[in-house]
Amino acid sequence: MIRSNEILLASESHRRKELLKLLGFKSIQCCKHLIDEDNFNYKRPLSKSIIRLAELKADSVFSLQKKKIIIAGDTLVIRAGKIFNKVDSQKEVKSYLKLLSGRKHFVYGGLCVISSRGKKFTRFIKTEVYFNKIEEKEMTHDVLEDGIGKAGGYAIQNFGSRFIKKIRGCYTNVVGISIPELYKIFKSPEF
């Protein structure tokens, strides 16, 4: 059985930390990774790039904290080949929501786990998200403020949930990290 004190999340994301509690971990240590995400060069195919970014995050923490289980993840929102990065302003959130309104987009998740013995496990997760049409009056101050700092300009677990028509795939991937895929890694005989 894995003990909570063995888990190190290569992220300062409150959402990811809360999601890990769904696996029964009570006390998860967070550690800031050493990767400059803003200047990461995403290449095609994006599926390989997002896994690579998760690996870089995990490796940067593992080099400092051996003998722990390192978990790292990354999330990309994509529509029509365009990456919808984390946004810094309400204006950007509004622009993103207008582009996503009434359409389908994808949330790509990259996951990397390094066992306490140094064995690496990676996964790529793809979730389809369908938005209802969003009217101008629905883009309230709360909605726009909630989208700041989020990939795609929305948080599915908060105000963004009101715009979801349906999703196909893993819900927790859209929130921040795929709990089902993480669980499969932990259950794996190789782990």
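Both backbone and side-chain heavy atoms feed into the values below; hydrogens, waters and symmetry mates do not. Positions are given from 1 along the sequence.
- Take Glu145 and apply the salt bridge (Lys or Arg N to Asp or Glu O under 4.0 Å) test, not counting sequence neighbours, and it matches no residue.
- In this structure, Ile185 is not a member of the same hydrophobic cluster as Ile51, with clusters built from ILVMFWY side-chain heavy atoms closer than 4.5 Å.
- For Ile125 against Glu181, the heavy-atom pair with the smallest separation is CG1-CG, 3.6 Å.
- Considering every non-hydrogen atom in both Ala155 and Asp146, the closest pair reads CB-OD2, 3.8 Å.
- With a 4.5 Å cut-off on side-chain heavy atoms, Lys82 and Arg79 do not count as touching.
- Tracing side-chain contacts under 4.5 Å through hydrophobic residues (I, L, V, M, F, W, Y), one never reaches Leu64 starting from Ile35; they form parts of separate clusters.
- The side-chain heavy atoms of Thr75 and Arg16, taken from C-beta on, include a pair separated by under 4.5 Å.
- Not counting sequence neighbours, Glu138 has no partner by the salt bridge (Lys or Arg N to Asp or Glu O under 4.0 Å) test.
- The same ILVMFWY cluster, assembled from side-chain heavy atoms under 4.5 Å apart, contains both Ile71 and Leu22.
- Nearest approach of Val87 to Val93, heavy atoms of both residues: CG2-CG2, 3.3 Å.
- Under the 4.5 Å side-chain criterion, counting only non-hydrogen atoms from C-beta, Gln90 is not in contact with Met139.
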Side chains of residues 94-106: which donor-acceptor pairs under 3.5 Å do they make with residues two or more places apart or in other chains?
unit_1: Lys94; atom_1: NZ; unit_2: Glu136; atom_2: OE2; d: 2.5
unit_1: Tyr96; atom_1: OH; unit_2: Asn85; atom_2: N; d: 3.1
unit_1: Tyr96; atom_1: OH; unit_2: Asn85; atom_2: O; d: 3.4
unit_1: Ser101; atom_1: OG; unit_2: Ile134; atom_2: N; d: 2.7
unit_1: Arg103; atom_1: NH1; unit_2: Leu99; atom_2: O; d: 3.2
unit_1: His105; atom_1: NE2; unit_2: Tyr154; atom_2: OH; d: 2.7

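- Within the 4.5 Å cutoff, the side chain of Arg15 has heavy atoms near those of the Lys150 side chain.
- Looking only at side-chain heavy atoms (C-beta outward), Ile177 and Ile179 come within less than 4.5 Å of each other.
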Going by atom type alone, with no hydrogens or angles, which donor-acceptor pairs under 3.5 Å involve a side-chain atom of residues 107-119 and a protein atom two or more places apart or on another chain?
unit_1: Ser115; atom_1: OG; unit_2: Arg117; atom_2: N; d: 3.3
unit_1: Ser115; atom_1: OG; unit_2: Gly118; atom_2: N; d: 3.4
unit_1: Ser115; atom_1: OG; unit_2: Lys119; atom_2: N; d: 3.1
unit_1: Arg117; atom_1: NH1; unit_2: Phe191; atom_2: O; d: 3.2
unit_1: Arg117; atom_1: NH2; unit_2: Glu190; atom_2: O; d: 3.4
unit_1: Arg117; atom_1: NH2; unit_2: Phe191; atom_2: O; d: 3.3

(request) Kindly indicate, with the supporting measurements, whether the criterion side chain to side chain contact (heavy atoms under 4.5 Å, CB included) is fulfilled by Val143 and Arg162. (result) CA-CA 10 Å; Val143 167; Arg162 61 179 71 173; 3.7 Å; yes
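- From Arg52, atom CZ reaches atom OG1 of Thr122 across 10.5 Å, with rounding to the nearest 0.5 Å.
- Under the 4.5 Å side-chain contact rule for hydrophobic residues, Leu56 and Leu76 share a cluster.
- Residue Arg123 holds its CZ atom at 15.5 Å from CD1 of Ile50, rounded to the nearest 0.5 Å.
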(request) Go through Lys120 and Asp59 one step at a time and tell me if the side chain to side chain contact (heavy atoms under 4.5 Å, CB included) criterion holds. (result) CA-CA 9 Å; Lys120 194 181 286 185; Asp59 289 340; 3.0 Å; yes
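- Put simply, the side chain of Val129 does not reach to within 4.5 Å of the side chain of Phe163, judged on heavy atoms.
- The two residues Ser11 and Ser13 make their nearest non-hydrogen contact at OG-N, 2.9 Å.
- Counting only heavy atoms from C-beta outward, the side chains of Leu182 and Thr172 never approach each other to under 4.5 Å.
- The two residues Ala72 and Lys57 make their nearest non-hydrogen contact at CB-CB, 3.8 Å.
- Lys86 and Ala151 get closest at one heavy-atom pair: CG-N, 3.8 Å.
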Got a list of side-chain donor-acceptor pairs under 3.5 Å for residues 39-47, not counting sequence neighbours?
unit_1: Asn39; atom_1: ND2; unit_2: Asp36; atom_2: OD2; d: 2.5
unit_1: Tyr42; atom_1: OH; unit_2: Asp74; atom_2: OD2; d: 3.2
unit_1: Arg44; atom_1: NH2; unit_2: Gly81; atom_2: O; d: 3.2

With a cut-off of 3.5 Å and sequence neighbours excluded, list every side-chain donor-acceptor pair involving residues 164-171.
unit_1: Arg168; atom_1: NH1; unit_2: Glu128; atom_2: OE1; d: 3.2
unit_1: Arg168; atom_1: NH1; unit_2: Tyr130; atom_2: OH; d: 3.2

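- Ile83 and Phe124 end up in the same hydrophobic cluster when Ile, Leu, Val, Met, Phe, Trp and Tyr side chains are linked at under 4.5 Å.
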